[in-house]
Amino acid sequence: LKISPKTFIAVPGILASGLGIAVFAMTGQVIAAIGVSALIITLPLLYVVWKKKQIQTKIIMEMPDAIGMVVRSLKIGMAVDAALKEAGDALAGPLGMEIKIIYREMAVGIPFADAFQGFIRRYPALPDVRLFATAFILQRETGGNLARILETLAQTIRNRFVFRRQIKTYTAEARLSAIIISLLPVLFALVAAVTNPDYIGKLTGTALGRAMIYAAICLEVAGFVVMRRMAKVKI
């Protein structure tokens with residue numbers, strides 16, 4: 001993001017406070033004001049999580065191509081550092097930037113292993129990054145044919161791509177069921193509000209009914225998260 005962490009925290013905090021006070025002034029409902037404030041604060045965090053996931057996915061998708069560039073450079077006689085620089089300059093995505101960071105760190109005197117360990121620390125949740133960095137570190141420490149090691153690694157990563165797609169296909173029904181089951185109560189409430197307003201009015205018109213609605217929303221969100229987690233398979 002192009003904004004500072006302080007701005008990222010301050011702006012949603014100010015908006016959440018202002019809108020929360022406005023909602024409370026208009027409705028007199030403390031829970032509704034807290035809900036609006038929590039939503040305003042949560043949305044930017046969810047955006048950051050989504051962007052992080054996008055970057056991680058791009059890094060994994062670009063890795064076989066980056067490895068192929070390094071392997072081709074090594075096969076024509078280039079040194080490892082020069083091969084990394086070549087791959088970093090050729091790739092425009094986030095992986096290219098990470099490779100440039102590694103090369104620049106080594107250029108200013110940071111040890112080879114420490115530069116790659118930094119790459120691992122920036123993406124601890126990606127096993128492919130750990131495999132990529134470990135291949136370079138082990139080759140530098142123990143020797144061996146780096147080009148052949150990287151070719152095997154690239155094929156392993158491509159096989160993981162295929163396996164991920166298969167898992168996504170196999171769990172599609174469970175993920176769709178989580179969405180449908182979570183939306184059914186909401187759709188039923190909307191239909192009932194249109195066809196029989198008095199029926200819904202018993203919930204929205206009393207304090208106990210509103211409390212039940214808030215509890216139902218929390219349970220809906222919790223149920224959706226649990227069902228999504230059950231359908232998620234770690235590779």
Side-chain angles (χ1 to χ4, degrees), residues 1-9 44-168 171 229 232-235:
L1 300 178
K2 296 181 180 180
I3 61 175
S4 66
K6 291 182 180 179
T7 304
F8 179 80
I9 294 173
L45 298 176
L46 293 177
Y47 175 75
V48 170
V49 172
W50 175 69
K51 289 294 291 184
K52 178 182 177 182
K53 185 68 176 177
Q54 273 195 325
I55 292 173
Q56 291 178 341
T57 302
K58 287 182 180 179
I59 286 177
I60 295 174
M61 295 299 293
E62 293 172 355
M63 195 160 287
D65 293 334
I67 292 174
M69 293 178 187
V70 173
V71 169
R72 287 191 292 271
S73 299
L74 293 174
K75 286 184 175 180
I76 64 175
M78 295 179 66
V80 175
D81 297 8
L84 287 171
K85 184 178 185 301
E86 191 76 16
D89 293 337
L91 291 170
L95 182 57
M97 181 60 65
E98 290 295 334
I99 293 175
K100 288 180 182 178
I101 292 174
I102 294 172
Y103 176 78
R104 290 168 184 169
E105 288 180 346
M106 292 189 296
V108 298
I110 294 177
F112 185 90
D114 292 346
F116 277 96
Q117 288 291 347
F119 185 27
I120 296 174
R121 286 193 296 270
R122 288 191 291 273
Y123 300 94
L126 299 182
D128 295 327
V129 169
R130 192 176 304 110
L131 291 172
F132 177 79
T134 303
F136 283 92
I137 294 172
L138 289 178
Q139 192 277 337
R140 178 59 63 96
E141 294 177 352
T142 63
N145 190 335
L146 180 59
R148 181 173 297 178
I149 294 173
L150 292 178
E151 286 177 336
T152 303
L153 176 60
Q155 185 59 44
T156 300
I157 293 174
R158 290 189 183 95
N159 291 338
R160 288 166 65 88
F161 288 164
V162 175
F163 189 57
R164 284 193 184 97
R165 295 189 187 100
Q166 291 176 342
I167 292 296
K168 193 172 182 179
T171 59
R229 296 289 295 179
K232 186 176 181 180
V233 179
K234 291 185 178 181
I235 302 175

Participant: List the steps, then state whether side chain to side chain contact (heavy atoms under 4.5 Å, CB included) holds for Ile157 with Ile67.
Facilitator: CA-CA 10 Å; Ile157 293 174; Ile67 292 174; 3.9 Å; yes
Participant: Could you give the side-chain donor-acceptor pairs of residues 46-62 under 3.5 Å, partners two or more places apart or in another chain?
Facilitator:
| residue | atom | partner | partner atom | Å |
| --- | --- | --- | --- | --- |
| Thr57 | OG1 | Lys53 | O | 2.9 |
| Glu62 | OE1 | Leu95 | N | 3.2 |

Participant: Side chain to side chain donor-acceptor pair (under 3.5 Å) with Thr7: which residues, sequence neighbours excluded?
Facilitator: Ser4
Participant: Tell me which donor-acceptor pairs under 3.5 Å the side chains of residues 147-156 have, and how far apart each pair is, sequence neighbours excluded?
Facilitator:
| residue | atom | partner | partner atom | Å |
| --- | --- | --- | --- | --- |
| Glu151 | OE2 | Lys75 | NZ | 2.6 |
| Thr152 | OG1 | Arg148 | O | 3.1 |
| Gln155 | NE2 | Asn159 | OD1 | 3.2 |
| Thr156 | OG1 | Thr152 | O | 2.9 |

Participant: Between atom CZ of Arg121 and atom CZ of Arg130, what is the distance when rounded to the nearest 0.5 Å?
Facilitator: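 Output value for this atom pair is 13.0 Å.
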Participant: Who pairs with Met97 by side-chain contact (heavy atoms from CB on, under 4.5 Å), at least two apart in sequence or on another chain?
Facilitator: Ile101
Participant: Report yes if some heavy atom in the side chain of Met63 is under 4.5 Å from a heavy atom in the side chain of Val129; otherwise report no.
Facilitator: yes
Participant: What pairs of residues pass the salt bridge (Lys or Arg N to Asp or Glu O under 4.0 Å) test when at least one of them lies in residues 93-106, not counting sequence neighbours?
Facilitator: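 Only Glu98-Arg122 qualify under salt bridge (Lys or Arg N to Asp or Glu O under 4.0 Å).
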Participant: When rounded to the nearest 0.5 angstrom, what distance separates CZ in Phe119 from OG1 in Thr134?
Facilitator: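 Interatomic distance, Phe119 CZ to Thr134 OG1, rounded to 0.5 Å: 11.0 Å.
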Participant: Looking at side-chain heavy atoms only, is the closest gap between Leu45 and Phe8 below 4.5 Å?
Facilitator: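 A side-chain contact under 4.5 Å exists here.
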Participant: Using the ring-ring contact (aromatic ring centres under 6.0 Å, His included) rule, collect all pairs that involve residues 130-158, keeping only residues at least two apart or in two chains.
Facilitator: Phe116-Phe136, Phe132-Phe136
Participant: So, taking the atom named CD in Gln166 and the one named OG1 in Thr171, what distance separates them when rounded to the nearest 0.5 Å?
Facilitator: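 Rounded to the nearest 0.5 Å, the CD-OG1 separation comes out at 11.5 Å.
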Participant: Suppose we screen for side chain to side chain donor-acceptor pair (under 3.5 Å). Which residues come up paired with Asp89, at least two apart in sequence or across chains?
Facilitator: Lys85
Participant: Partners of Asp114 by salt bridge (charged side-chain N to carboxylate O under 4.0 Å, His left out), sequence neighbours excluded?
Facilitator: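 Checked Asp114 against salt bridge (charged side-chain N to carboxylate O under 4.0 Å, His left out); zero matches.
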Participant: Mind checking what makes side-chain contact (heavy atoms from CB on, under 4.5 Å) contact with Arg72, not counting sequence neighbours?
Facilitator: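 Listed in chain order: Met69.
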